[in-house]
Structure formats: C-alpha cells, structure tokens
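Reviewing the structure listed below.
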Amino acid sequence: MSSRIGLSTYALFWELSDRVPNPLSLAGAVDRAHELGLGLLQICDYAPLEAWDDAQLAELRAHADAQGVALEVGTKGIRPERLRRFLHIAKALGADLVRSMLNTPAPDVFGGPGEPGHAPSPAEAIELLREVMPEYETAGVHLALETYEQVPTAELIAVVEAIGSPSLGICSDPANTVAALENPREVIEGVAPHVLNMHIKDFAFGRQDGWVGFVYTGVPMGEGLLDYDHMAAAIRPAQNSINQIVEHWLPWQGSPEETIRAERQWTDQTIAYLRSKGNA
C-alpha cells in the first residue's frame with residue numbers, strides 16, 4: 001500500500017459548520033474528496049458521527065465506496081468506551097485507522113452529553129490502552145495518537161513505546177506542539193519511528209492588531225514555518241505507506257462566501273504542494 005493524500009473534515013471546517021447558510025454533509029465531504037481527485041477522507045472530530053446508528057454508517061460507507069473514497073475517523077480521548085465506540089464506527093465504515101488524543105476536552109463536545117474531561121497520567125494512559133489495543137489488533141485497525149500541546153511529545157512517545165503494539169502509533173502534527181514551545185524539528189525527529197498518520201497544515205506568527213503581542217495561526221501551505229521537506233525526509237511517508245491528511249487553521253474571513261472561497265483555495269494549494277513533492 002502506498003501513501004495517499006487525504007482530505008480532512010478540518011479542511012472543510014467552516015463549510016461543515018452552521019456558520020454557513022447550507023452546511024456541507026458528510027456525503028458532500030466525500031464528494032468533495034472525489035472531485036479533488038483524492039481517494040481518502042478523514043472524518044475527524046465531527047461530533048454527530050458518534051451518535052450515528054449502523055444504518056447511517058452503512059449508507060455513508062456505500063456512498064464512499066461508490067465514489068472510490070476510503071475513510072478514516074478521528075476522536076479525542078482514550079477512555080475504553082470511547083475507543084471501542086470508534087473501533088465499531090471504523091469497522092462499519094471500512095476504516096483502518098482511528099486518530100485520537102490522550103486527553104478528552106472538558107466539557108467534551110466530541111462525545112456524549114455531560115461526559116467530563118479526562119487528562120490521564122502516562123501510567124493511566126498505558127493501563128487504558130493496554131485494555132483496548134488487543135481489540136484493535138484483532139480488527140486490523142490502527143490507533144494513531146496525535147501530537148498536541150496538552151501532552152509533552154516525550155510523554156506521548158513513552159506511552160506508545162510502553163504499549164509496544166504494531167497497531168498503536170502517532171499522528172504527527174508539529175503545528176500543534178509549537179503552542180507548548182516545543183521545537184517542530186525535534187518533535188518530528190522524535191516521533192518519526194512511530195508515525196502512522198500525518199496531518200499537514202502550515203502555520204506562522206503574526207503581529208497582533210495594535211502594538212502588543214502576536215497571534216499564532218494557520219497560513220496557506222508553503223507560506224509559513226512548516227519545514228515540510230525535513231518532515232518528509234524524517235517520516236518518509238511514501239516508503240512507509242503513511243497517509244498525509246490536509247488540514248487548515250483558517251480564521252473566519254468575515255463572511256460565509258469569503259471564508260468558503262479561502263478554505264477551498266487553501267485546500268487546492270495544499271494538494272498541489274504535496275503532489276509537487278512526490279511523496280504520495
């Protein structure tokens with residue numbers, strides 16, 4: 001299996017949201033991936049998905065199959081009930097990868113109503129993952145835990161290495177770790193042996209309006225601080241069959257029309273950039 005470029009629902013964040021007059025459906029997101037010539041859609045942190053019944057999941061899978069689009073899914077948190085629910089969803093959708101994070105936000109807008117937040121210690125994370133990973137291994141589904149500012153990357157690596165499962169690895173996103181003042185190059189080099197999935201988005205610092213402070217935000221691919229060539233050389237997605245998932249940190253552009261236009265332009269630019277690099 002070779003590396004593929006995939007579209008994330010985070011690249012359709014505003015178009016899927018209720019900030020626009022006619023929000024895109026998940027079936028529409030599948031169609032968008034197909035129109036862009038991509039054979040992969042990662043449905044990541046899309047809140048309604050967790051409540052879908054098997055008939056709804058089967059309908060989405062049939063639509064994706066008809067369009068030639070494979071699916072991956074994503075959530076946040078490692079409570080066993082959460083991971084088992086998303087393993088079920090993954091199997092129903094024919095997905096071979098679930099992306100998650102060690103921490104569950106509080107309040108948990110990604111899961112059940114009223115579910116409290118959860119920030120496990122490394123020891124607790126190891127215990128919880130050891131309970132569930134045999135089920136992922138049996139199902140042939142991988143679990144990729146994302147690099148994120150809430151958990152030091154060294155702790156995430158230690159948890160993955162302690163489990164030692166071929167079905168458990170890391171979703172690399174160096175843009176996230178900058179908020180924890182981690183060096184992206186060091187993060188990339190540390191996680192490289194364990195990466196199962198890559199989130200691709202560019203980022204930059206800019207001066208705040210006024211005279212004090214800076215903002216950290218997304219920018220069009222190739223125009224910011226992401227050292228893609230270094231990341232690709234360290235992780236080697238093509239050689240290791242690691243999918244590269246297009247995301248954005250796109251601020252609201254003032255109107256639905258302008259925001260959707262920018263979102264689509266950023267997506268086109270990222271896909272063209274990745275294709276030009278020849279790593280998928």
Side-chain angles (χ1 to χ4, degrees), residues 4-77 82 85-101 105 107-113 115 141 144 146 171 197 199-201 218 243-271 274:
R4 292 178 290 183
I5 299 171
L7 186 68
S8 171
T9 47
Y10 272 110
L12 302 165
F13 180 84
W14 294 114
E15 199 165 355
L16 284 162
S17 77
D18 59 9
R19 291 287 299 273
V20 301
N22 298 297
L24 197 66
S25 66
L26 279 188
V30 168
D31 294 340
R32 185 64 51 75
H34 174 75
E35 292 162 5
L36 291 167
L38 303 180
L40 177 64
L41 173 70
Q42 186 175 97
I43 306 168
C44 200
D45 301 339
Y46 182 79
L49 183 67
E50 189 170 355
W52 279 22
D53 61 28
D54 287 353
Q56 291 171 294
L57 295 171
E59 183 178 359
L60 180 63
R61 178 176 182 177
H63 181 71
D65 287 346
Q67 293 285 53
V69 175
L71 300 173
E72 296 177 346
V73 295
T75 185
K76 292 186 177 182
R82 170 64 57 82
R85 175 59 182 156
F86 271 83
L87 177 59
H88 177 85
I89 291 170
K91 291 163 65 177
L93 294 178
D96 63 4
L97 183 133
V98 174
R99 164 278 200 187
S100 195
M101 297 178 176
D108 182 11
V109 298
F110 301 99
E115 183 179 345
V141 175
E146 187 165 351
C171 174
N197 198 245
H199 283 179
I200 308 295
K201 59 175 178 274
N243 294 331
Q244 302 180 79
I245 308 300
V246 176
E247 292 193 332
H248 309 310
W249 276 342
L250 173 68
W252 181 255
Q253 299 295 295
S255 72
E257 296 77 15
E258 183 58 25
T259 302
I260 290 174
R261 186 206 63 78
E263 198 166 54
R264 293 182 182 182
Q265 191 277 322
W266 282 29
T267 296
D268 291 344
Q269 184 165 330
T270 304
I271 293 169
L274 292 176

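When reading the values below, keep in mind they use all heavy atoms of this one structure, side chains included, and skip hydrogens, waters and symmetry mates. By convention here, the first residue in the shown sequence is residue 1. Because the structure is predicted, anything quoted here is derived from the model rather than measured.
- Side-chain contact between T259 and V20: absent, with no pair of heavy atoms (C-beta onward) separated by less than 4.5 Å.
- No hydrogens or angles considered: a donor-acceptor pair under 3.5 Å links the side chains of T75 and R82.
- One distance of note links CG of L40 with CG of L71; it measures 7.5 Å at 0.5 Å rounding.
- In this structure, CG on L36 lies 4.5 Å from CD1 on I271, to the nearest 0.5 angstrom.
- Checked for salt-bridge contact, R99 and E146 meet the test: a charged N lies under 4.0 Å from a carboxylate O.
- N22 CG to E15 CD: the interatomic distance, rounded to the nearest 0.5 Å, is 10.0 Å.
- Within the 4.5 Å cutoff, the side chain of L26 has heavy atoms near those of the T9 side chain.
- Using a 3.5 Å distance cut-off with no hydrogens or angles, the side chains of N243 and Q42 do not pair a donor with an acceptor.
- For the atom pair CD of E72 and CD1 of I245, the computed distance is 4.5 Å after rounding to the nearest 0.5 Å.
- Using a 4.5 Å heavy-atom threshold, the side chains of I89 and L57 count as touching.
- In this structure, E258 places its CD atom where more than 12 heavy-atom neighbours from other residues, nucleotides or ligands lie under 6.0 Å away.
- Contact between H248 and E263 at its shortest, heavy atoms only, is NE2-O, 3.7 Å.
- Residues T270 and K201 are not in side-chain contact: their nearest non-hydrogen atoms beyond the backbone lie 4.5 Å or more apart.
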